[in-house]
K.L.:
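One structure follows; several queries about it will come next.
Please read all numbers here as calculations on a predicted model, not as lab measurements.
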Amino acid sequence: MVISTSYQPPPSAALLRLLRNQFGLSESALALGLRQAQQEQAPLPVVLWRFGLISLEQFDALLSWQDQE
């Protein structure tokens, strides 16, 4: 579990679209990730990777995408 004391903003609509459309995450996988990220105040990509919902390569691609946004 990654519990942070720093506020984590909710993920952008663009990030959620990317996760659905290009990464193929289901609504239930996203819902699990969002709930856990909110509970832990952890970044969504970290939670998705930790739960095995995205691969390490996808995690890296997500971080690169976020840097460009």
Side-chain angles (χ1 to χ4, degrees):
M1 185 176 280
V2 178
I3 297 183
S4 172
T5 57
S6 302
Y7 171 75
Q8 294 293 316
S12 68
L15 175 60
L16 295 176
R17 268 193 311 277
L18 178 78
L19 291 168
R20 284 184 190 104
N21 298 334
Q22 291 187 337
F23 288 67
L25 286 183
S26 67
E27 290 301 317
S28 60
L30 276 175
L32 170 65
L34 289 168
R35 268 193 318 271
Q36 197 65 29
Q38 182 180 25
Q39 180 181 9
E40 297 177 20
Q41 283 300 301
L44 180 59
V46 172
V47 171
L48 294 174
W49 174 71
R50 197 168 44 81
F51 274 77
L53 298 171
I54 60 173
S55 69
L56 187 56
E57 292 79 19
Q58 289 172 316
F59 177 74
D60 187 48
L62 253 179
L63 294 181
S64 295
W65 178 85
Q66 285 185 317
D67 283 345
Q68 295 174 1
E69 285 296 304

K.L.:
Using 0.5 Å steps for rounding, measure from the CG atom of Leu63 to the CD atom of Gln68.
P.N.:
11.5 Å
K.L.:
Could you tell me whether a side-chain N or O of Gln41 sits under 3.5 Å from a main-chain N or O of Gln38, the two making a donor and an acceptor?
P.N.:
yes
K.L.:
If you define the side chain from C-beta out and look only at heavy atoms, does anything of Gln22 sit under 4.5 Å from Arg17?
P.N.:
no
K.L.:
For residues Ala29 and Leu53, report the shortest heavy-atom separation together with the two atoms involved.
P.N.:
O-CD1, 3.7 Å
K.L.:
Sequence neighbours excluded, which residues qualify as side-chain hydrogen bond (donor to acceptor under 3.5 Å, both in side chains) partners of Ser12?
P.N.:
none
K.L.:
Specify the closest pair of heavy atoms between Ala42 and Val47, including all atoms of both residues, with the distance to one decimal.
P.N.:
CB-CG2, 3.9 Å
K.L.:
For Phe23, what residues pass the ring-ring contact (aromatic ring centres under 6.0 Å, His included) criterion, not counting sequence neighbours?
P.N.:
none
K.L.:
Supply the atom-to-atom distance Leu25 CG to Gln58 CD, rounded to the nearest 0.5 angstrom.
P.N.:
7.0 Å
K.L.:
Rounded to the nearest 0.5 Å, what separation is found between the CG atom of Leu48 and the CG atom of Leu34?
P.N.:
7.5 Å
K.L.:
For Leu44 and Leu62: C-alpha separation, side-chain torsions, deciding distance, then whether side-chain contact (heavy atoms from CB on, under 4.5 Å) applies.
P.N.:
CA-CA 10 Å; Leu44 180 59; Leu62 253 179; over 6 Å; no
